[in-house]
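Okay, so here's the structure we're looking at.
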There are 2 protein chains.
Amino acid sequence: MTGMLKDKTRFVPPPKLPPPTPVVDLSDAEMRMAQDLLFFAYRDFTNVADQVLEELGLGRAHHRALHFIGRNPGITVSSLLAVLRITKQSLARVLNALVDEGFVAQAPGFEDRRLRLLTLTEKGAALERRLFDAQRNRISQAYKRAGPQAVQGFRGVMRGIMDKGARDYMDGTGAAEDA
Amino acid sequence: MTGMLKDKTRFVPPPKLPPPTPVVDLSDAEMRMAQDLLFFAYRDFTNVADQVLEELGLGRAHHRALHFIGRNPGITVSSLLAVLRITKQSLARVLNALVDEGFVAQAPGFEDRRLRLLTLTEKGAALERRLFDAQRNRISQAYKRAGPQAVQGFRGVMRGIMDKGARDYMDGTGAAEDA
DNA sequence: GTTTTAAGTCAACAATGCTGACCCATTTCG
DNA sequence: CGAAATGGGTCAGCATTGTTGACTTAAAAC
């Protein structure tokens with residue numbers, strides 16, 4: 001019985017204390033820091049919108065859909081799937097909720113009537129605005145404090161981290177890209 | 001019936017097509033872009049480690065725990081909770097799995113024997129290394145391409161986006177901070 | 001007129017958050 | 001010393017959001 005640890009087989013004797021953490025080279029520490037940066041910044045950035053979402057019984061997935069539909073009015077379901085990289089079923093849940101509650105409207109395509117062109121309703125645009133405003137504060141504060149040059153660097157690095165596909169999407173001016 | 005849309009009440013007539021997306025001011029577009037950057041960079045960065053994790057039947061939550069224990073050898077459970085900002089129960093699931101499978105070791109504190117000091121076992125450190133290596137490529141590529149100045153900017157902006165608490169943690173040299 | 005394609009749907013499952021309610025061992029404090 | 005506070009653990013149940021697999025329907029393409 002190792003004190004409070006009960007006898008749970010779970011106890012493993014400590015490896016002589018701090019396993020000396022290799023500390024390979026300097027840039028290694030930089031890379032570790034980048035992990036932290038991404039984790040914290042993303043977590044806290046997304047959290048900003050959560051309060052508003054909770055009020056409405058929506059989740060982050062809904063926010064993402066609203067965001068990308070707002071940025072790409074008339075986007076098709078399959079393009080949206082390609083951007084989000086989730087399955088049709090996952091999107092369906094979220095999208096149906098948004099349509100049911102009047103945040104998103106869908107119209108059949110003109111040329112190809114199989115397509116469902118997605119747009120935000122006014123209600124949807126208003127919600128997206130609200131969510132955006134919350135997050136915008138964060139960003140603009142951070143941008144302001146860091147300065148325009150830092151912003152340039154930020155963009156460059158972030159672009160470098162993402163997949164080529166995402167980079168391409170972003171280069172498409174935010175208009176619906178072709179998967 | 002409106003073609004393929006069946007009769008699902010779900011159909012909402014299109015709002016005259018692209019609700020003109022206000023386009024308030026220039027900096028607004030910048031902020032929107034930042035949302036995209038964060039979403040894509042974070043998604044693709046975390047994805048990098050997923051393959052390795054899947055092999056082992058572990059998830060991202062396990063990775064996070066490994067990461068922060070690795071960076072803060074001897075961290076207590078409550079400090080880890082404070083860093084991750086999740087509940088004890090959520091952490092327990094993940095931590096128990098890691099201990100059971102020999103990735104993490106725990107030792108009672110010397111001064112205060114209620115504490116459980118967490119460290120990576122060699123096996124755990126090796127796994128963390130593996131996961132890290134995958135992600136390191138991304139980062140170092142991005143850093144290299146963007147240049148050292150951009151990296152500075154990246155850090156500044158990311159720090160600005162996160163909560164003060166996270167910033168403080170990071171300033172603690174990555175050594176276990178006091179909640 | 002057959003085959004693709006865009007979209008929708010049912011069912012079931014897994015990971016990871018959460019809350020609420022307790023228990024135990026240790027430390028602290030009156 | 002004895003009570004309260006603290007660090008940690010656990011059971012049970014639930015929500016969100018991701019996954020697979022299998023199948024349908026409507027429209028387009030060939």
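Excluded from the calculations below are hydrogen atoms, water molecules and symmetry mates; all remaining heavy atoms, backbone and side chain alike, are included. These numbers come from a predicted model, not from an experiment. Protein chains get the first letters and strands the later ones, always in sequence-line order, with residue 1 at the start of each.
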- Task: Name the residue closer to the 5' end of DNA chain C, choosing between B:Lys88 and B:Val94 according to the nucleotide with the nearest heavy atom.
- Result: B:Val94
- Message: Students often get this wrong, so: under 4.0 angstrom with heavy atoms, is A:Glu54 touching a base, only sugar-phosphate, or nothing?
- Response: nothing
Base of [N], side chain of [X] - is there a donor-acceptor contact under 3.5 Å?
X	N	answer
B:Arg114	C:dT27	no
A:Arg93	D:dG18	yes
B:Gln89	D:dG13	no

What nucleotide among [options] has an atom nearest to a side-chain atom of [X]?
X	options	result
B:Val77	D:dG8, C:dT9, C:dT19	D:dG8
B:Leu115	D:dG8, C:dC18, D:dT19	D:dG8
B:Ser78	C:dT26, D:dG7, C:dA7	D:dG7
A:Asp112	C:dT16, D:dA27, C:dA7	D:dA27

Taking 4.0 angstrom as the limit, do [X] and [Y] come out as a salt bridge?
X	Y	result
B:Arg138	A:Asp163	yes
A:Lys123	A:Glu128	no
A:Asp28	B:Arg129	yes

- Task: For A:Glu111 and for A:Arg64, locate the closest nucleotide of DNA chain D by heavy-atom distance; then report the residue assigned to the nucleotide nearer the 5' terminus.
- Result: A:Arg64
Atom [atom1] of [X] to atom [atom2] of [N]: distance rounded to whole Å?
X	N	atom1	atom2	value
B:Leu53	D:dT19	CG	C1'	16 Å
A:Ile86	C:dA14	CD1	C1'	16 Å
A:His62	D:dT16	NE2	P	8 Å
A:Leu91	D:dT19	CG	P	11 Å
B:Asp100	D:dT10	CG	C1'	14 Å
A:Leu98	D:dT16	CG	P	13 Å
B:Leu118	D:dG8	CG	P	8 Å
A:Phe110	C:dA6	CZ	P	19 Å

- Message: Between A:Asp171 and A:Arg159, does the salt bridge (Lys or Arg N to Asp or Glu O under 4.0 Å) criterion hold? Intermediate values first, please.
- Response: CA-CA 10 Å; A:Asp171 291 337; A:Arg159 281 177 55 85; 2.9 Å; yes
- Taking B:Tyr42 as the fixed residue, which of A:Tyr42, A:Phe39, A:Phe40 is the one that meets the ring-ring contact (aromatic ring centres under 6.0 Å, His included) rule? A:Tyr42
